[in-house]
J.: 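Got a structure for you, questions after.
Just so it is clear, the model here is predicted, and its values are computed rather than measured.
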Amino acid sequence: MPYENLENAGAGTPLYRCALKLVWCREAGMVGQVLQGEVTVKHPVRQTLLRGVMVELKLRDDRWARDELLLLGRPPLLL
């Protein structure tokens, strides 16, 4: 979880996955607890490096753990 999203990512915050990046979205699960330590990863869209922390994900389907992008809080475009 990037540091800039951390304040919006409390335990129980819904996660959404979308079939085409921003459309055909459905709830995929929720955020669990924040884990210790810092990580650096590449942003899935902009390809820049992001710093943040690992969080536990409680997903409805294990296949969704492979998705590069899960959206936090609400689906984009409210679709």
J.: Minimum heavy-atom separation for G32 to K58, with atom names?
T.: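 Where G32 meets K58 most closely, the heavy atoms are CA-CE, 4.1 Å.
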J.: Using every non-hydrogen atom in the two residues, find where L50 and P2 come nearest and quote the distance to one decimal.
T.: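 Reported closest heavy-atom pair: CD1-CG, 3.9 Å.
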J.: Would you say that L72 contacts L15 through its side chain, given a criterion of any heavy-atom pair below 4.5 Å between the two side chains?
T.: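 SC-SC contact between L72 and L15 confirmed.
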J.: What residues, two or more places apart in sequence or in another chain, satisfy side-chain hydrogen bond (donor to acceptor under 3.5 Å, both in side chains) together with N5?
T.: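 Here no residue qualifies.
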J.: Could you pull out all residues at least two apart from L35 that satisfy side-chain contact (heavy atoms from CB on, under 4.5 Å)?
T.: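 By the side-chain contact (heavy atoms from CB on, under 4.5 Å) rule, L35 matches Q33, M54.
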J.: I want to check something: taking the side chain as every heavy atom from C-beta on, are R26 and W64 in contact at a cut-off of under 4.5 Å?
T.: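 R26 vs W64: side chains touch.
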J.: Taking D67 for the side chain and L69 for the main chain, is one N or O donor matched with an acceptor at less than 3.5 Å?
T.: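 Not a single qualifying donor-acceptor pair exists.
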J.: How would you list, by chain and number, every residue that makes a side-chain contact (heavy atoms from CB on, under 4.5 Å) with E38, sequence neighbours excluded?
T.: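 Once residues adjacent in sequence are excluded, the partners of E38 under the side-chain contact (heavy atoms from CB on, under 4.5 Å) criterion are Y3, R51.
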J.: Compare all side-chain heavy atoms of L6 with those of V34 and state whether any distance is below 4.5 angstrom.
T.: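 In contact.
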J.: Any side-chain heavy-atom pair from V41 and L49 closer than 4.5 angstrom?
T.: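 Not in contact.
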J.: E56: what forms a salt bridge (Lys or Arg N to Asp or Glu O under 4.0 Å) with it, not counting sequence neighbours?
T.: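 Salt bridge (Lys or Arg N to Asp or Glu O under 4.0 Å) list for E56, sorted by chain: empty.
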J.: Count I, L, V, M, F, W, Y as connected when their side-chain heavy atoms are under 4.5 Å apart, and connections chain through other members. Are L59 and M30 then in the same cluster?
T.: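 Different hydrophobic clusters.
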J.: By side-chain hydrogen bond (donor to acceptor under 3.5 Å, both in side chains), which residues pair with D62, not counting sequence neighbours?
T.: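 Per chain and number, D62 pairs via side-chain hydrogen bond (donor to acceptor under 3.5 Å, both in side chains) with no residue.
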J.: Are more than 12 heavy atoms, taken from residues, nucleotides or ligands other than E7, located less than 6.0 Å from that residue's CD atom?
T.: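 No - once you tally the heavy atoms of other residues, nucleotides and ligands closer than 6.0 Å, there are 12 at most.
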J.: For R46, which residues count as a side-chain hydrogen bond (donor to acceptor under 3.5 Å, both in side chains) partner, sequence neighbours excluded?
T.: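 For R46 there are no side-chain hydrogen bond (donor to acceptor under 3.5 Å, both in side chains) partners, ignoring immediate neighbours.
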